[in-house]
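Beneath this line is the structure, given in structure tokens, with notes to follow.
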Amino acid sequence: MKGNFIFFNTNPITNMILSSGITAADYINGLEELPDNIILLDNSDDVANGYNSHSKFNLVNGSGEIRRYLLRSPNVPKKFIDFNDEDSVNGLSPYEIAELLYLGHMGIPMGRPFSSKLLNHYIYIDLSDGATRTYYRRFSDFNHVLEIALKRNLRETHNTLRVFLRPLAIKDVDNKLLIKLITLANDGLFIVFDALRERNRTYHVPLRILKDPDQVSIILKTREIETNTDYIGDLTYNLQKSEWNLDLNDQTASV
């Protein structure tokens, strides 16, 4: 596999998404509104435009600056949690500051991902294996992020095929279909655009479920997707009707 795929594993109990192939630009374009303030959990000082003397964390203030931070140097890992205002950061206890240090170092929260003091809506952690762990206070915020990533990947794959003269205008994905994909991803779902097939003016993108979720880090590093996953059906896009659909195996259709 060359790497043109989306992987995501959803946990609606903790409001967590582990993903690969969903870019920072997808995240930005998918959120209804970017936060105004973030704490840099890796404490980068070259991108910060603020500093909190109480917690000794570097900050980025302003949604425009946060956008630039996320888009800058795509291969440089990003780690942040948003916050309501600086008074909320000043009110953090030593233990709560330690929790943020743990989050930045380990990539997972010690307790709940959403702070009653910071009133954060998001956590964004790039991991060493190339995956990204994100948390959404409103879990449905991920729906549009996923939609943006699906459309971008399909458009990029279409462009590499050089089959048609005109660029592909892709219709929005129905929310019910997005929810179905997110439910399937409870077991770790690959949407493999590398293996796209075109049949009767319809694109078929294979969907594959992890055999062993504990191996996901190795699979993402080696790109050995096919041997470590089970094929469960296709995500399809009809070029004539501009329609998205799911064509699932019988045992999967009831999920």
Side-chain angles (χ1 to χ4, degrees), residues 8-19 22-128 130-149 182:
F8 60 113
N9 191 356
T10 57
N11 188 331
I13 296 175
T14 61
N15 288 26
M16 185 277 295
I17 308 286
L18 179 69
S19 66
I22 297 176
T23 67
D26 297 331
Y27 182 81
I28 289 169
N29 294 325
L31 291 183
E32 186 174 329
E33 187 175 5
L34 282 175
D36 288 322
N37 309 290
I38 60 174
I39 294 172
L40 298 175
L41 294 171
D42 56 2
N43 223 20
S44 303
D45 54 12
D46 58 331
V47 296
N49 65 357
Y51 176 77
N52 180 259
S53 57
H54 170 71
S55 64
K56 295 185 169 47
F57 278 114
N58 286 319
L59 315 174
V60 179
N61 300 306
S63 58
E65 289 299 318
I66 292 169
R67 175 184 294 271
R68 280 186 280 275
Y69 159 70
L70 281 168
L71 294 178
R72 177 187 181 191
S73 305
N75 295 324
V76 176
K78 314 292 193 304
K79 297 182 180 184
F80 73 80
I81 182 172
D82 68 303
F83 63 94
N84 187 46
D85 55 45
E86 197 154 351
D87 284 343
S88 64
V89 184
N90 290 331
L92 293 173
S93 69
Y95 179 79
E96 289 165 331
I97 293 170
E99 285 186 308
L100 293 178
L101 292 170
Y102 181 91
L103 174 61
H105 181 66
M106 299 298 293
I108 54 174
M110 289 175 65
R112 285 181 47 79
F114 305 107
S115 165
S116 59
K117 286 186 180 177
L118 297 179
L119 299 178
N120 65 301
H121 288 81
Y122 308 107
I123 295 174
Y124 187 104
I125 305 279
D126 283 329
L127 303 173
S128 59
T132 302
R133 183 176 287 119
T134 50
Y135 293 83
Y136 299 80
R137 182 181 287 268
R138 187 172 60 185
F139 197 56
S140 60
D141 282 351
F142 175 67
N143 294 17
H144 191 43
V145 174
L146 175 60
E147 179 186 20
I148 293 294
I182 289 168

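The CG atom of Asp141 lies 8.5 Å from the CG atom of Asn143; values are rounded to the nearest 0.5 Å. With rounding to the nearest 0.5 Å, the separation of CG in Asp42 from NZ in Lys78 is 9.5 Å. Atom CG in Leu92 sits 9.5 Å away from atom CZ in Phe83 (nearest 0.5 Å). Put simply, CE on Met16 and CG on Asn11 are 5.0 Å apart, with the number rounded to the nearest 0.5 Å. With rounding to the nearest 0.5 Å, the separation of CG in Asn9 from OG in Ser19 is 10.0 Å. Leu118 contributes atom CG, which lies 12.5 Å from atom CD1 of Ile38 (distance to the nearest 0.5 angstrom).
The closest donor-acceptor contact from the side chain of Asn29 to the backbone of Ala25 lies under 3.5 Å. Between the side chain of Asp85 and the backbone N or O of Ser88, at least one donor-acceptor pair lies under 3.5 Å. Looking only at distances, no side-chain donor or acceptor of Asn58 sits under 3.5 Å from a matching main-chain atom of Leu40. Under a 3.5 Å cut-off, the side chain of Arg133 and the backbone N or O of Asp126 do not form any donor-acceptor pair. Judged by distance alone, with hydrogens and angles left aside, the side-chain atoms of Asp82 form a donor-acceptor pair with the main-chain N or O of His121 at under 3.5 Å. Under the 3.5 Å distance criterion, the side-chain polar atoms of Asp26 are left unmatched by any main-chain donor or acceptor of Val145. In this structure, the side chain of Asn120 does not engage the main chain of Ile81 through any donor-acceptor pair within 3.5 Å. A donor-acceptor pair under 3.5 Å is absent between the side-chain atoms of Ser44 and the main chain of Val47, judged by distance alone. Not one N or O on the side chain of Arg67 forms a donor-acceptor pair closer than 3.5 Å with the backbone of Ile28.
Across all their heavy atoms, Pro35 and Ile66 have their closest contact at O-CD1, 3.1 Å. Across Leu18 and Ala131, no two heavy atoms sit closer than the pair CD1-CB, 4.0 Å. In terms of heavy-atom proximity, Val60 sits nearest to Ala48 at CG2-CA, 4.2 Å. The two residues Ile22 and Ala149 make their nearest non-hydrogen contact at CG1-CB, 3.9 Å. The two atoms that bring Ile148 and Gly30 nearest to each other are CG1-CA, 3.9 Å, heavy atoms only.
Take Tyr27 and apply the ring pair (Phe, Tyr, Trp, His ring centres under 6.0 Å) test, not counting sequence neighbours, and it matches Tyr124.
Two residues are said to be in side-chain contact when any heavy atoms from C-beta on lie closer than 4.5 Å; His105 and Lys79 fail this criterion. In this structure, the side chains of Leu100 and Ile39 come closer than 4.5 Å at one or more pairs of heavy atoms.
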Review point. Run the side-chain contact (heavy atoms from CB on, under 4.5 Å) check on Leu127 and Thr132 step by step: do they pass?
Key: CA-CA 6 Å; Leu127 303 173; Thr132 302; over 6 Å; no

Exercise for review: Take Ile123 and Phe114, measure what side-chain contact (heavy atoms from CB on, under 4.5 Å) needs, and give me the verdict at the end.
Suggested key: CA-CA 9 Å; Ile123 295 174; Phe114 305 107; 5.6 Å; no

Practice item. List the steps and the verdict of side-chain contact (heavy atoms from CB on, under 4.5 Å) for Phe139 and Ile17. Key: CA-CA 9 Å; Phe139 197 56; Ile17 308 286; 3.6 Å; yes

Check your understanding: What's the verdict on side-chain contact (heavy atoms from CB on, under 4.5 Å) for Glu86 and Asn37, showing C-alpha distance, side-chain angles and the deciding distance?
Key -> CA-CA 8 Å; Glu86 197 154 351; Asn37 309 290; over 6 Å; no

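A side-chain donor-acceptor contact under 3.5 Å links Asn90 and Asn52.
Applying the ring pair (Phe, Tyr, Trp, His ring centres under 6.0 Å) test to every pair with at least one member in residues 33-60, sequence neighbours left out, gives no pairs at all. Evaluation of the salt bridge (Lys or Arg N to Asp or Glu O under 4.0 Å) test over residues 94-103, restricted to residues two or more places apart or in two chains, returns Glu96-Lys117.
Among Thr134, Asn15, Leu31, Leu34, the single residue meeting the side chain to side chain contact (heavy atoms under 4.5 Å, CB included) criterion with Tyr122 is Leu31.
The aromatic rings of Phe142 and Phe8 are tilted relative to each other, their planes meeting at an angle between 30° and 60°.
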